[in-house]
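The structure under discussion appears below in the form of structure tokens.
Within every chain, numbering begins at 1; the chains are lettered A, B, ... in the order of the sequence lines, protein sequences first and strands thereafter. Bear in mind the structure is a predicted one, so any value in this text is a computation, not a measurement.
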Amino acid sequence: DGGITQSPKYLFRKEGQNVTLSCEQNLNHDAMYWYRQDPGQGLRLIYYSQIVNDFQKGDIAEGYSVSREKKESFPLTVTSAQKNPTAFYLCASSPLGRGNHNEQFFGPGTRLTVL
Amino acid sequence: DQQVKQNSPSLSVQEGRISILNCDYTNSMFDYFLWYKKYPAEGPTFLISISSIKDKNEDGRFTVFLNKSAKHLSLHIVPSQPGDSAVYFCAASGGGGADGLTFGKGTHLIIQP
């Protein structure tokens, strides 16, 4: 069945280490996104990609990096430069085109805790 | 500065009554609005949306109203059910393309028996 998967569900890392969060979709969607959610906050856009081998910074890209080598995959690396990496990370995808109105479908999320 | 605002962090409604969740926006370029429902430790799920060319969209128990002149939208849930207890996010997009959604901070809806 189609959907978006994120792994792992929970991730613990030591301060100063880089960590990569996985996001895979089999919906054949062109666009993929990474958001971050903090307690009492809405979702904030980190990076997005509309096509393979191309991506753009969102509102809070500092300390993060992404790649889009395949249509189905959009991994997010949280680098040691990210000052407050502990958060709930959500990946989403959407079909492109004006008729699709940018409705996004979300994965289950990864809770990252940096110790 | 927040472009999408949900000023009520929480809302408590009795089961069977109407739940009204409000959302205000400041960016006049937004042309599409969405409501998402989210349970703890899960991803948001899409609920209902509305284009800026409409003022109402209905889907079962859920209705979204848009007042463009006031830059205000609301989500009505009638009748409210226990399973509706969740955090509801208002989101907006503008100009087409795929440059992400702008989310409000969410309203935690609690349905009381």
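Smallest separation of non-hydrogen atoms from B:E42 and A:F88: O-CE2, 3.6 Å. Here the shortest heavy-atom pairing between A:E103 and B:F46 reads OE2-CD2, 3.5 Å.
Clustering ILVMFWY residues whenever any of their side-chain heavy atoms sit less than 4.5 angstrom apart, transitively, puts A:Y89 in a cluster other than the one holding A:I4. Criterion: ILVMFWY side-chain heavy atoms under 4.5 Å apart, direct or through other members. Under it, B:Y88 and B:F65 are not part of a common hydrophobic cluster. Following chains of ILVMFWY side-chain contacts shorter than 4.5 Å, one can reach B:Y25 starting from B:V64, so the two form part of one hydrophobic cluster.
Residue contact with chain A, scored on non-hydrogen atoms closer than 4.5 Å, is absent for B:P9. If you measure heavy-atom distances from A:Q37 to chain B, the contacts under 4.5 Å come from the side chain alone. For chain B, the nearby part of A:L90 is the side chain; its heavy atoms alone come within less than 4.5 Å.
At most 12 non-hydrogen atoms from other residues, nucleotides or ligands lie less than 6.0 angstrom from NZ of A:K83. Shown here is A:K71, whose NZ atom has more than 12 heavy atoms of other residues, nucleotides or ligands within 6.0 Å. Counted within 6.0 Å of CZ on B:R61, heavy atoms from surrounding residues, nucleotides or ligands total more than 12; the atom is thus considered enclosed. Residue-environment remark: CD1 (A:I51) stays at or below the threshold of 12 foreign heavy atoms within 6.0 Å.
For the pair A:Y35 (side chain) and B:G100 (backbone), a donor-acceptor distance under 3.5 Å is absent. A donor-acceptor contact shorter than 3.5 Å is absent between the side chain of A:Y33 and the backbone of B:L101.
In this structure, the separation between CD on B:Q3 and CG on A:D59 is 8.0 Å, given to the nearest 0.5 Å. Separating the CZ atom in B:F103 from the CD atom in A:Q41 is a distance of 13.5 Å, to the nearest 0.5 Å.
Interface summary for chain A: among B:P44, B:A91, B:G43, the most heavy-atom pairs under 4.5 angstrom belong to B:P44.
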